[in-house]
Amino acid sequence: MNQDNLQQGLQLTFYCHVHDKHGGILLYEWLLEQAKKQRIGGGSVFRATACYGRKGVLHEEQFFELADNLTAKVEFLVSEEQADAFLKHVSEAGANLVYARHPTAFGVLGQP
């Protein structure tokens, strides 16, 4: 496998509840919109099927439960500079969420 196109950067991950809102829209949608505006190359949202948070309350997806309180994980692959700028922007906007940043290497296979 050719690793010439690998870039060193960060996996920037945000955690919020699926129904949390910011600026009148779902928080995970707001994060994706803001990332697009800052020209971050792409982002993904993943929804938990079960989770617990700082208070230790277990939440599970139930077939008949419509008002769940599960976690959404929003991920981006970015440079360190992009991560710093985006975190500053999100913080200044007053968004309420948890985040993690992990060093990673990433690349693109095939045609973009």
* Asked: If you measure only the distance, is there a donor-acceptor pair under 3.5 Å linking the side chains of Q11 and E75?
  -> yes
* Return the set of residues passing salt bridge (charged side-chain N to carboxylate O under 4.0 Å, His left out) with E33 (not counting sequence neighbours), or none when no residue passes. =>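 Salt bridge (charged side-chain N to carboxylate O under 4.0 Å, His left out) list for E33, sorted by chain: empty.
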* Do I25 and Y15 belong together in a cluster built from hydrophobic side chains that touch within less than 4.5 Å? -> no
Quick one: [atom1] on [X] to [atom2] on [Y], what's the gap to the nearest 0.5 Å?
{"X": "C16", "Y": "L31", "atom1": "SG", "atom2": "CG", "answer": "6.0 Å"}
{"X": "S79", "Y": "Q8", "atom1": "OG", "atom2": "CD", "answer": "12.0 Å"}
{"X": "L12", "Y": "L77", "atom1": "CG", "atom2": "CG", "answer": "9.5 Å"}

* Asked: Checking side chain to side chain contact (heavy atoms under 4.5 Å, CB included) against V74, which of T13, L27, L32 comes through?
  ->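 One option only clears the test, and that one is L32.
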* To do: Could you tell me whether K73 sits above the aromatic face of F46, with NZ or CZ closer than 6.0 angstrom to the six-membered ring centre and within 45 degrees of the axis?
  =>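 Ring-cation test returns yes.
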Can you give each donor-acceptor pair under 3.5 Å made by side-chain atoms of residues 84-108, sequence neighbours left out, with the distance rounded to 0.1 Å?
| residue | atom | partner | partner atom | Å |
| --- | --- | --- | --- | --- |
| D84 | OD1 | R101 | NH1 | 2.9 |
| D84 | OD1 | R101 | NH2 | 3.2 |
| H89 | NE2 | Q34 | OE1 | 2.7 |

* To do: Write down the atom of A72, the atom of Y28, and the distance for their closest heavy-atom approach.
  =>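 For A72 versus Y28, the nearest heavy atoms are CB-CD2, 4.3 Å.
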* To do: Heavy atoms only: give me the nearest L10-A83 pair and the separation to one decimal.
  => CD1-CB, 3.6 Å
